[in-house]
Amino acid sequence: MDKMVVEQVSYSYISKYQTILALREVNCSFESGRFYAITGESGSGKSTLLSLLAGLDLPKEGKIYLNGEDLSKMDRDIYRRDIAAVVYQAFHLFPLLNALENVMYPLELKGMPKARAAARAKKCIGQVGLPEKIHGQFPKMMSGGEQQRVAIARAMAAGGKLLFADEPTGNLDTENEENVVAILERLAHEEGYMVVVVTHNPGIAARADVEYRMRDGQIVEEQKRGGGQ
Ligand SMILES: Nc1ncnc2c1ncn2[C@@H]1O[C@H](COP(=O)(O)OP(=O)(O)O)[C@@H](O)[C@H]1O
Ligand SMILES: [Mg+2]
């Protein structure tokens with residue numbers, strides 16, 4: 001059971017000409033087994049918050065804790081490799097690797113022997129509902145929905161139970177969107193993942209156990225819908 005706590009977190013983008021305050025004293029928390037949505041208008045700070053949760057950058061002020069441990073004091077490489085995983089709107093699969101190789105990649109990075117990595121990757125690809133014939137296909141031969149499911153399988157294979165997704169269905173049609181949301185929901189409710197999704201889509205937000213709505217770098221509304229473990 002993991003718990004993340006965001007405490008008084010502020011973040012600014014500083015350039016020579018201006019400082020943009022992207023997050024202003026944000027407080028929120030996240031638990032395993034639940035599906036979270038972060039919503040709000042474009043520019044409200046959603047992606048910035050997600051990138052801090054995923055350990056891609058550190059707050060300028062305030063703290064993020066995982067199970068009571070300050071994220072800024074943890075080994076960030078280990079956090080990003082073994083604990084947290086990120087899924088993007090644009091899938092970000094490796095174009096020169098086939099589906100199976102894409103999912104095996106994080107495992108091989110960790111030094112897992114090839115045969116074990118392949119077995120685990122195949123299992124994850126099955127868990128996102130893709131058929132075996134996808135294994136040998138390259139990203140450009142797959143639909144958007146297939147690519148996003150491979151990206152989720154890759155995130156699962158890495159082994160972390162914290163899954164952060166930034167507009168994961170932004171490039172998908174309605175049917176594939178439904179597929180991907182159902183997978184993310186299942187990962188939270190049945191596999192015990194902490195799933196945090198940034199989304200513009202009110203239909204997805206309505207299915208979240210907790211919705212954090214942002215405006216101007218702050219969380220202006222928290223909506224709990226129950227569900228989860
Ligand atoms: N790399 C960056 N450099 C400068 N400003 C940025 C950068 N990324 C985001 N911003 C600014 O920070 C604010 C929050 O952005 P972001 O977190 O991407 O919002 P959202 O994901 O809700 O659209 C916006 O004003 C945006 O223009
Ligand atoms: Mg964004």
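Hydrogens, waters and symmetry mates play no part in the numbers below; they use all other heavy atoms, side chains included. Atoms within a ligand are numbered from 1 in the order they appear, just like the ligands themselves.
Judged purely by distance below 3.5 Å, without hydrogens or angles, the side chains of E7 and N27 never pair a donor atom with an acceptor atom. N176 and Q148 are not linked by any side-chain donor-acceptor pair at a separation below 3.5 angstrom, with hydrogens and angles left out of the test. With no hydrogens or angles considered, no side-chain donor-acceptor pair links D57 and S51 at under 3.5 Å. Side-chain N/O atoms of D70 and S72 include a donor and acceptor closer than 3.5 Å.
In this structure, the side chains of M214 and L23 come closer than 4.5 Å at one or more pairs of heavy atoms.
Here S42 fails the criterion, with no N, O or S atom under 2.8 Å of the Mg ion (ligand 2).
From the protein, the heavy atom lying nearest to atom 22 (O) of ligand 1 is K46 NZ, 2.8 Å. In this structure, atom 19 (O) of ligand 1 lies nearest to the protein heavy atom G45 N, 3.2 Å. What sits closest to atom 4 (C) of ligand 1 on the protein, heavy atoms only, is Y13 CB, 3.4 Å. Nearest protein neighbour of atom 24 (C) of ligand 1, counting heavy atoms only, is G43 O, 3.6 Å.
Between P168 and L184, the closest heavy-atom pair is CG-CD1, 4.1 Å.
The atoms of ligand 1 that sit less than 4.0 Å from any heavy atom of S47 are 17 (O), 18 (O), 20 (P), 21 (O). Which parts of ligand 1 touch A22 is read off a 4.0 Å heavy-atom cut-off, strictly below it: atoms 12 (O), 13 (C), 14 (C). Heavy-atom contacts of I20 reach the following atoms of ligand 1: 5 (N), 11 (C), 12 (O), 25 (O) (cutoff under 4.0 Å).
In this structure, SG on C28 lies 8.0 Å from CD1 on I64, to the nearest 0.5 angstrom. Once rounded to the nearest 0.5 Å, the distance linking CD of Q147 with NZ of K140 reads 11.0 Å.
Not a single protein heavy atom sits closer than 4.0 Å to atom 27 (O) of ligand 1.
Not a single heavy atom of G40 sits less than 4.0 Å from an atom of ligand 1.
For E41, every heavy-atom contact with ligand 1 shorter than 4.0 Å involves the backbone, none the side chain.
When T48, T19, V198, D166 are ranked by how near their heavy atoms come to atom 15 (O) of ligand 1, first place goes to T48.
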